[in-house]
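Worksheet: one structure, shown below.
Just so it is clear, the model here is predicted, and its values are computed rather than measured. Computed from heavy atoms alone, side chains included, the values below leave out hydrogens, waters and symmetry copies.
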There are 2 protein chains.
Amino acid sequence: MESQVALAQTLKIGEVANRSGLTVKTIRFYCDEGLIRPISRSDGGYRLFADGVFSELALIRTLRAMEIPLPDVRQILEARRSGVCTCTDLKARIRSKAGEIGDRITAMQNLQSELFALLNSWEACGGRTPAAAAPELVGANR
Amino acid sequence: MESQVALAQTLKIGEVANRSGLTVKTIRFYCDEGLIRPISRSDGGYRLFADGVFSELALIRTLRAMEIPLPDVRQILEARRSGVCTCTDLKARIRSKAGEIGDRITAMQNLQSELFALLNSWEACGGRTPAAAAPELVGANR
DNA sequence: CTTGACTCTCCACCTAGGGGAGAGTGCATC
DNA sequence: GATGCACTCTCCCCTAGGTGGAGAGTCAAG
């Protein structure tokens, strides 16, 4: 045992999962992929995590919400961990991703208006417009 | 070539790919999944398509851009092909999907402003150690 | 007939995880 | 010490929507 007297509390994977809201499977997967690392293993081989894992998982969540691929996320986390200032790099990435997201928003807006145009064109299509009667949406879809 | 009867013109997969902008692989895949069907096969087994495939592929593209899963796309195409008026159903689906897209646009806009907030908070870290920077991103996500 | 481009089928791989099997561990209780 | 139960381990297969390659066969021009 290490002499980590102060706050030597370690967490097993289930507790990390519960607190982070991720699944045990996912956390194990992130370990396998090298995104996070347990500070040690128990004698029986259980992964043991420190509190710091939660901020890393939160960062992973944010980055994943931007659809940054896992290898990139890993890189960012490694740099962050190493103490090297990744601000410039990270910020550049995020800025670029934010730009991409902007593009995607535009694309989706275009798609949406395309869809409405499509709906209108179908109104006039051959198949006997059913919208003459109340165009209630059947939305029970899904 | 000019003496050929224009009506009987069939297209091999490569030409369909070129004209539609999809890859040969993808078209083959759509055939395998039953989304489209070659009108026949050559003696050697080549898939032969009719012109009508392009409108189907265009529809597939639009639907896929909405992330409608392939089984649903297949259903829509089958109904369309069968002559049954799918306007009501299809339009309901599309309307519902358009709504979802609207939600996603909103989510993305939220994510984007979150990101800009994140960038600003990092601006304040002054280019030093990035560890434990921007703790507010932790809960803000999701 | 030969050549080269095209196409065929089959299988493996990708991302980001999820499901489950079968075996082992940690801890409280008897 | 023994038992019971929850937890965890590794390993393998599965998903969607394709992509890539291997090896074999086909088509059309020269």
Side-chain angles (χ1 to χ4, degrees), chain A residues 1 8-49 53 56-57 59-77 97 100 142, chain B residues 1-4 8-49 53 56-57 59-77 97 100 141-142:
Chain A
M1 278 299 199
Q9 190 175 11
T10 58
L11 304 148
K12 284 186 288 185
I13 199 168
E15 195 158 0
V16 174
N18 279 337
R19 285 205 213 162
S20 68
L22 297 167
T23 69
V24 169
K25 280 282 192 185
T26 298
I27 292 169
R28 225 175 258 143
F29 177 68
Y30 286 165
C31 287
D32 293 348
E33 296 299 304
L35 272 73
I36 55 174
R37 240 181 329 157
I39 50 169
S40 68
R41 293 268 189 154
S42 75
D43 292 344
Y46 285 18
R47 291 170 185 85
L48 299 174
F49 296 92
V53 78
E56 298 199 331
L57 289 174
L59 180 55
I60 291 172
R61 276 199 130 160
T62 302
L63 297 173
R64 286 296 306 134
M66 299 160 63
E67 296 184 322
I68 292 176
L70 290 189
D72 292 13
V73 174
R74 186 184 55 211
Q75 247 187 315
I76 290 169
L77 285 165
K97 284 294 172 182
E100 278 176 36
R142 235 211 189 297
Chain B
M1 293 193 188
E2 318 260 328
S3 57
Q4 278 296 86
Q9 190 175 13
T10 59
L11 304 148
K12 284 186 287 183
I13 199 168
E15 195 157 359
V16 174
N18 279 337
R19 285 206 214 161
S20 68
L22 297 167
T23 69
V24 169
K25 282 280 192 185
T26 298
I27 293 169
R28 224 175 259 143
F29 177 69
Y30 287 163
C31 287
D32 293 348
E33 295 299 303
L35 271 74
I36 55 175
R37 236 180 336 149
I39 50 170
S40 68
R41 294 269 189 152
S42 75
D43 292 344
Y46 285 18
R47 291 170 184 84
L48 299 174
F49 297 92
V53 78
E56 297 198 334
L57 289 174
L59 180 55
I60 291 172
R61 276 201 129 158
T62 303
L63 297 173
R64 286 295 307 134
M66 299 161 64
E67 296 186 322
I68 292 177
L70 290 189
D72 291 13
V73 174
R74 187 184 54 211
Q75 245 188 314
I76 290 168
L77 285 164
K97 285 294 174 181
E100 278 176 36
N141 179 17
R142 227 246 191 268

Between B:Leu70 and B:Asp43, which is nearer to the 5' end of DNA chain D once each is assigned its nearest nucleotide?
-> B:Leu70
Would you list the atom pairs, donor with acceptor, under 3.5 Å between side chains in residues 24-35 of chain B and any protein atom, with sequence neighbours excluded?
residue: B:Thr26; atom: OG1; partner: B:Thr23; partner atom: OG1; Å: 2.8

note: A:Phe29, atom CZ; D:dT10, atom P; distance rounded to Å ~ 15 Å
When rounded to whole Å, the CD1 to C1' distance for the pair A:Ile68 and C:dT15 reads 15 Å
Looking only at D:dC27, D:dG18, C:dA16, the nucleotide nearest the A:Pro71 side chain is C:dA16
Not counting sequence neighbours, list each pair that qualifies as a side chain to side chain donor-acceptor pair (under 3.5 Å) and has a residue in residues 62-71 of chain B.
-> B:Glu67-B:Arg104
Take the protein atom CG of B:Leu11 and the nucleotide atom P of C:dC6, then report the distance between them rounded to whole Å.
-> 15 Å
For the pair made of CD1 in A:Ile27 and P in C:dA16, what is the distance, rounded to whole Å?
-> 17 Å
Quickly work out the B:Leu63 CG to D:dG17 C1' distance and round it to whole Å.
-> 15 Å
Starting at CG of A:Leu22, measure out to CD1 of A:Ile60 and round the result to the nearest 0.5 Å.
-> 8.0 Å
Nearest-Å distance, CZ (B:Arg74) to P (D:dG17)?
-> 11 Å
Gap between atoms CZ and C1', on B:Arg64 and D:dG17 respectively (whole Å) | 7 Å
Salt bridge (Lys or Arg N to Asp or Glu O under 4.0 Å) partners of B:Lys12, counting only residues at least two apart = none
Reckon A:Thr26 has a side-chain N or O less than 4.0 Å from the OP1 or OP2 of C:dA16?
-> no
At under 4.0 Å, does any side-chain N or O of B:Ser42 touch on OP1 or OP2 of D:dT26?
-> no
Would you tell me if any nitrogen or oxygen in the side chain of A:Tyr30 comes within less than 4.0 Å of OP1 or OP2 on C:dG17?
-> yes
Atom pair CD1 (A:Ile68) and CG (A:Leu59), whose distance is rounded to the nearest 0.5 Å = 8.5 Å
For B:Ser40, the side-chain contact (heavy atoms from CB on, under 4.5 Å) test, sequence neighbours excluded, returns B:Leu48
Between D:dG17 atom P and B:Ile60 atom CD1, what is the distance in whole Å?
-> 12 Å
Protein and nucleotides 8-14 of chain C: nitrogen or oxygen contacts under 3.5 angstrom:
residue: C:dC8; atom: OP1; partner: B:Arg47; partner atom: N; Å: 2.8
residue: C:dC8; atom: OP1; partner: B:Arg47; partner atom: NH1; Å: 2.9
residue: C:dC8; atom: OP2; partner: B:Arg28; partner atom: NE; Å: 3.0
residue: C:dC8; atom: OP2; partner: B:Arg28; partner atom: NH2; Å: 3.0
residue: C:dC8; atom: OP2; partner: B:Arg47; partner atom: NH1; Å: 3.2
residue: C:dC8; atom: O5'; partner: B:Arg47; partner atom: NH1; Å: 3.2
residue: C:dT9; atom: OP1; partner: B:Arg41; partner atom: NH1; Å: 3.2
residue: C:dT9; atom: OP1; partner: B:Arg41; partner atom: NH2; Å: 3.4
residue: C:dT9; atom: OP2; partner: B:Arg47; partner atom: NH1; Å: 3.2
residue: C:dT9; atom: OP2; partner: B:Arg47; partner atom: NH2; Å: 2.6

Taking salt bridge (Lys or Arg N to Asp or Glu O under 4.0 Å) as the test, write out the residues that go with B:Arg19, two or more places apart.
-> B:Glu15
